[in-house]
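Quick notes on the structure that follows.
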Amino acid sequence: IKKNTKIFIKKEIDFFEFKKVIKDFNQTKKVNLTIEINQFKKIIDSAKNKICLITAYDKKNHLIGFKSFFYYKNDSWDFFTCTSKVGRSNLAGYLMLYAAFDFCRKNNINRYFLGAYDENKYPGVSYFKKETGAEIFEYEGEWEISNSNVYLYFINLLLLIYIKMKKFLF
């Protein structure tokens with residue numbers, strides 16, 4: 001697997017290639033994952049010093065996976081991950097997650113939150129998260145309305161960070 005996949009931690013990504021991975025994901029999974037690229041760029045640019053971007057390439061140097069996560073002090077939060085069909089067959093998701101864990105270890109970050117776990121709505125993603133050996137825990141949810149999935153996810157992430165930090169601030 002590792003011979004067929006190269007993993008890199010980057011400061012920037014090629015959004016043209018990124019859109020191809022999302023298109024492949026939508027076609028093979030028969031879903032409609034919509035990403036507003038300009039909004040996504042703004043999020044990445046505004047969090048340059050607190051976001052890690054990880055890419056996976058096949059042996060022909062085609063982007064087959066992308067992972068990003070935010071980090072602050074000892075905690076990190078998964079932000080966005082997507083793999084193509086080739087990426088899933090090469091287990092790029094696991095390799096990128098291991099690279100994320102390695103980044104966290106090297107930067108003294110000791111917790112990595114994978115995000116929501118819903119076996120009914122997202123059985124494949126839930127299986128992936130469960131296979132990592134992660135601890136599953138429940139916490140209070142929130143109610144939100146947004147037209148943009150990226151914005152919605154970013155707001156949820158900020159709310160989670162606020163809830164975690166609230167213990168220390170108040």
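What's counted below: heavy atoms across the whole structure, side chains too, no hydrogens, waters or symmetry copies.
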I want to check something: taking the side chain as every heavy atom from C-beta on, are [X] and [Y] in contact at a cut-off of under 4.5 Å?
| X | Y | result |
| --- | --- | --- |
| Leu95 | Thr5 | yes |
| Glu17 | Lys20 | yes |
| Phe18 | Val21 | no |
| Lys10 | Ile54 | no |
| Asp78 | Phe70 | no |
| Ile9 | Thr55 | no |

For this session: Take Phe101 and Tyr94, measure what ring-ring contact (aromatic ring centres under 6.0 Å, His included) needs, and give me the verdict at the end.
Result: CA-CA 10 Å; Phe101 291 164; Tyr94 288 102; over 10 Å; no
For this session: State the OG-CG distance between Ser84 and Leu63, to the nearest 0.5 angstrom.
Result: 7.5 Å
Exercise. What's the spacing between Leu114 CG and Lys130 NZ if we round to 0.5 Å?
Worked result: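 Output value for this atom pair is 14.5 Å.
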Side chains of residues 42-52: which donor-acceptor pairs under 3.5 Å do they make with residues two or more places apart or in other chains?
residue	atom	partner	partner atom	Å
Ser46	OG	Lys42	O	3.1
Ser46	OG	Ile43	O	3.0
Lys48	NZ	Lys11	O	3.2

Please report the closest heavy-atom contact between [X] and [Y], naming both atoms and the distance.
| X | Y | value |
| --- | --- | --- |
| Leu53 | Ile13 | CD1-CG2, 4.1 Å |
| Gly65 | Met96 | C-SD, 3.6 Å |
| Ala56 | Ile7 | CB-CD1, 3.6 Å |
| Gly93 | Thr83 | N-CG2, 4.0 Å |

For this session: Hydrophobic side-chain clustering at under 4.5 Å (ILVMFWY, transitive links): who's grouped with Ile64? Put none if nobody.
Result: Val86
Problem set entry | side chain to side chain contact (heavy atoms under 4.5 Å, CB included) evaluation trace for Tyr127 with Glu119 | CA-CA 8 Å; Tyr127 176 80; Glu119 287 180 335; over 6 Å; no
Problem set entry | Evaluation steps, salt bridge (Lys or Arg N to Asp or Glu O under 4.0 Å), between Asp58 and Lys6 | CA-CA 6 Å; Asp58 65 11; Lys6 294 176 263 180; over 6 Å; no
Exercise. Is the gap between the ring centers of Phe80 and Phe69 under 6.0 Å?
Worked result: no
Exercise. Using the benzene-type ring in the case of Trp, are the ring centres of Tyr112 and Tyr71 under 6.0 Å apart?
Worked result: no
Exercise. Given Phe66 and Phe15, is the ring-ring contact (aromatic ring centres under 6.0 Å, His included) satisfied, shown in steps?
Worked result: CA-CA 11 Å; Phe66 171 79; Phe15 282 99; 7.8 Å; no
Problem set entry | Salt bridge present between Asp24 and Lys85 (N-O < 4.0 angstrom) |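 Here Asp24 does not pair with Lys85 in a salt bridge, since their nearest N and O are not under 4.0 Å apart.
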For this session: Please check if the side chain of Asn90 supplies one atom and the backbone of Ala92 the other of a donor-acceptor pair under 3.5 Å.
Result: no
Exercise. Phe113 vs Trp77 aromatic rings, parallel, tilted or perpendicular, using cut-offs 30° and 60°?
Worked result: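 Taking Trp77 first and then Phe113, their aromatic rings lie parallel (interplane angle under 30°).
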Exercise. Of Asp102, Asn107, Asn108, which is the lone residue that meets side chain to side chain donor-acceptor pair (under 3.5 Å) with Arg105?
Worked result: Asp102
Problem set entry | Crowding at CD, Glu12 (>12 non-hydrogen neighbours, <6.0 Å) | no
Problem set entry | Residues forming a ring-ring contact (aromatic ring centres under 6.0 Å, His included) with Tyr72, sequence neighbours excluded |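 Counting only residues at least two positions away or on another chain, Tyr72 forms no ring-ring contact (aromatic ring centres under 6.0 Å, His included).
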